[in-house]
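Taking it in order: structure first as structure tokens, then the write-up.
Quick note on labels: first sequence line is chain A, next is B, and so on, each numbered from 1.
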There are 2 protein chains.
Amino acid sequence: MNLEWLQSYIVIVEEKSITKAAERLNISQPALSKQLKGLESEYNILLLNRTTKGIEVTKAGFHLYNQAKSLIQQSNLIKLELQEMNESHKMTIGCLPSIATSYLPNFNLKNHCVFIQNYSKALIHSLENNQVNISLIDNYFYDGSLVKKDLFSEKYVALIPKKYNLGQLNELSWKIIEEYPLILHSSPCDTYSKIKSHAYNNTINLNITKYVPFGDFLYGYVLSGEGMTIVPQLISQNLRHLDIDLIPVEDLELTISAVAKTNKILNSFLDLIQDEVIK
Amino acid sequence: MNLEWLQSYIVIVEEKSITKAAERLNISQPALSKQLKGLESEYNILLLNRTTKGIEVTKAGFHLYNQAKSLIQQSNLIKLELQEMNESHKMTIGCLPSIATSYLPNFNLKNHCVFIQNYSKALIHSLENNQVNISLIDNYFYDGSLVKKDLFSEKYVALIPKKYNLGQLNELSWKIIEEYPLILHSSPCDTYSKIKSHAYNNTINLNITKYVPFGDFLYGYVLSGEGMTIVPQLISQNLRHLDIDLIPVEDLELTISAVAKTNKILNSFLDLIQDEVIK
DNA sequence: AAGCTTTACGCGATACGTAACAATA
DNA sequence: TATTGTTACGTATCGCGTAAAGCTT
């Protein structure tokens with residue numbers, strides 16, 4: 001039995017589609033289909049009824065889904081516990097891509113693992129599933145069930161084609177943003193959720209012209225002048241060389257917090273980034 | 001993660017030897033060594049200290065051993081539960097090799113799985129581990145913690161080289177057995193345990209000249225005249241064509257019992273062999 | 001035709017077994 | 001020298017991705 005197959009199966013059930021699950025898992029759809037077949041022949045029972053518009057979970061399939069989640073969680077816990085027994089006290093840190101590339105490199109974490117996910121809710125989920133010891137999330141998505149310590153706050157920055165001639169502004173108001181085409185990552189995505197929510201709460205009428213999936217080159221669309229986009233400041237730091245204007249956005253902040261299951265784990269992470277700041 | 005590797009790891013720890021574990025698992029010793037290396041690199045921690053006279057479990061290794069047992073058990077349980085959800089109510093039946101070849105073929109069990117192990121204690125263990133729903137064991141090894149139903153009893157039969165000229169006897173007394181060389185399977189083995197125990201309790205001095213591992217051709221040694229051996233009557237039925245004498249042994253009986261965790265499972269097995277007797 | 005899954009097939013990685021090697025008592 | 005574990009290497013199987021082919025709506 002292969003635990004990766006069970007993990008894949010869980011994703012299939014949650015996405016209600018083999019195709020979508022394959023995308024999320026970054027494997028081809030036929031490969032995933034065969035994993036599923038493998039599970040069904042392993043257990044000698046039909047798990048999912050395939051329809052032309054996705055899949056339908058059978059009774060046995062639902063049972064396996066629940067049991068598999070528990071099994072995977074237990075397996076992840078074993079791994080984490082063994083890591084903790086390692087003399088290096090290695091931790092697995094879950095974080096957003098931007099944190100991994102722009103913030104974590106400030107610290108010496110070579111004895112630890114970094115686990116990247118695209119949005120905060122997934123990071124909290126990974127913590128609950130014992131896939132990671134600690135997660136660095138956008139405080140906005142914190143739900144109170146874990147211990148937390150805020151690390152830093154920052155503004156969002158708009159990436160704007162030069163041709164819009166907004167480069168001289170110190171801050172971009174939502175009034176102006178309303179007037180230009182806006183390109184966002186497609187959901188689920190922290191920035192997407194926060195912008196949508198902010199617009200809704202302040203009756204701002206956004207002119208969203210394009211949704212770009214993760215991994216696509218969002219900035220390319222901005223460079224080509226198709227519209228502006230909004231990203232956390234941390235990300236914009238690496239984009240200074242691009243021929244676009246970077247302007248902070250009014251009234252929209254981001255606080256990155258470390259969350260964990262216990263204060264002990266949280267503190268050992270805080271010690272880590274306290275002690276090991278490079279400069 | 002591969003659950004088979006964890007299962008192998010459990011066997012290594014229990015056998016305290018990679019070589020012995022490889023024999024029990026029927027894979028080559030280097031292959032098992034590599035599985036172990038795979039686990040250690042998966043968890044990035046040393047599990048076993050290798051010495052020239054076996055292995056020595058580290059702290060982390062002991063922790064993994066306990067956790068792995070629980071994980072494997074949970075995984076087996078999932079499999080059994082899914083089997084039960086199958087419309088055929090497929091069961092997995094654990095039994096001794098002799099039962100699988102001589103008794104079970106009397107019933108139509110094609111919708112069920114048969115899981116063969118070499119001795120009753122292992123079968124009870126598999127039941128506790130959820131590897132099987134029901135086990136057919138030698139009643140002698142029943143420890144009272146499971147529900148049980150006796151199925152049949154039989155005598156043991158000695159396989160004797162013709163040259164000993166004992167073919168005319170109706171029953172072989174232990175007095176006579178003492179006088180001849182005896183060949184047994186090496187421990188662990190039900191027959192071995194029972195004969196040793198019977199000899200000890202009745203102050204019989206056996207002249208055991210050879211131990212043959214499972215899988216070796218015990219009967220070959222008898223045919224060549226090196227000594228006699230003793231097997232359950234069920235096994236001896238398939239040996240009538242051999243040029244040896246088959247004589248029942250005095251004072252030694254065997255009762256095969258079905259054991260299960262619950263009466264429900266036990267009864268569904270009993271129904272099965274009630275209904276489906278071929279003749 | 002569009003959207004989903006399955007089948008076919010070639011390729012690379014993985015895992016096995018055999019054989020040779022190393023280490024220790 | 002016997003016992004135990006490791007390394008090396010050839011081979012077979014497994015699992016992936018690409019491409020093409022069913023199925024329903």
In whole angstrom, what separates [X]'s [atom1] from [N]'s [atom2]?
| X | N | atom1 | atom2 | result |
| --- | --- | --- | --- | --- |
| A/Glu56 | D/dT24 | CD | P | 14 Å |
| A/Glu4 | C/dA13 | CD | C1' | 15 Å |
| B/Leu36 | C/dA15 | CG | P | 14 Å |
| A/Ile55 | C/dG3 | CD1 | P | 19 Å |
| B/Leu46 | D/dT6 | CG | P | 10 Å |
| A/Leu25 | D/dG17 | CG | C1' | 15 Å |

State whether [X] and [Y] are salt-bridged, where the test is any N-O pair (Lys NZ or Arg NE/NH1/NH2 against Asp/Glu carboxylate O) under 4.0 Å.
| X | Y | answer |
| --- | --- | --- |
| A/Lys16 | A/Glu56 | no |
| A/Arg50 | A/Glu40 | yes |
| A/Lys79 | A/Glu84 | no |

So, B/Tyr140 and B/Ser197: side-chain donor and acceptor under 3.5 Å apart, yes or no? yes
Between A/Tyr65 and A/Lys69, is any side-chain donor less than 3.5 angstrom from a side-chain acceptor? yes
List every contact pair, protein side and nucleotides 12-16 of chain D side both N or O, where the distance is under 3.5 Å.
from, atom 1, to, atom 2, distance (Å)
D/dC16, OP1, A/Gln35, NE2, 2.7
D/dC16, N4, A/Lys34, NZ, 3.4

More than 12 heavy atoms from other groups under 6.0 Å of NZ on B/Lys261: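 Enclosed: over 12 neighbouring heavy atoms sit under 6.0 Å from NZ of B/Lys261.
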Do A/Leu3 and B/Asn2 make a side-chain contact, defined as non-hydrogen atoms from C-beta onward lying under 4.5 Å apart? no
Flag the pair A/Ile12 / A/Ser17 as yes when at least one side-chain heavy-atom distance between them is below 4.5 Å, and no otherwise. no
Residue closer to the 5' end of DNA chain D, B/Pro30 versus B/Thr52 (nearest nucleotide):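 It is B/Thr52, whose closest nucleotide lies nearer the 5' terminus.
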Heavy atoms under 4.0 Å, any strand shown: does B/Gly38 hit a base, just sugar-phosphate, or nothing? nothing
If only side-chain N and O atoms of [X] are considered, is one of them under 4.0 Å from the OP1 or OP2 phosphate oxygen of [N]?
| X | N | answer |
| --- | --- | --- |
| B/Lys37 | D/dT7 | yes |
| B/Arg50 | D/dT4 | no |
| B/Ser33 | D/dT6 | yes |

Selection: residues 15-24 of chain A, any non-hydrogen atom under 4.0 Å of DNA chain D: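 Within this stretch, nothing sits under 4.0 Å of the strand.
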Under 6.0 Å between ring centres, would you say that holds for B/Phe141 and B/Tyr119?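 Ring centroids of B/Phe141 and B/Tyr119 are no less than 6.0 Å from each other.
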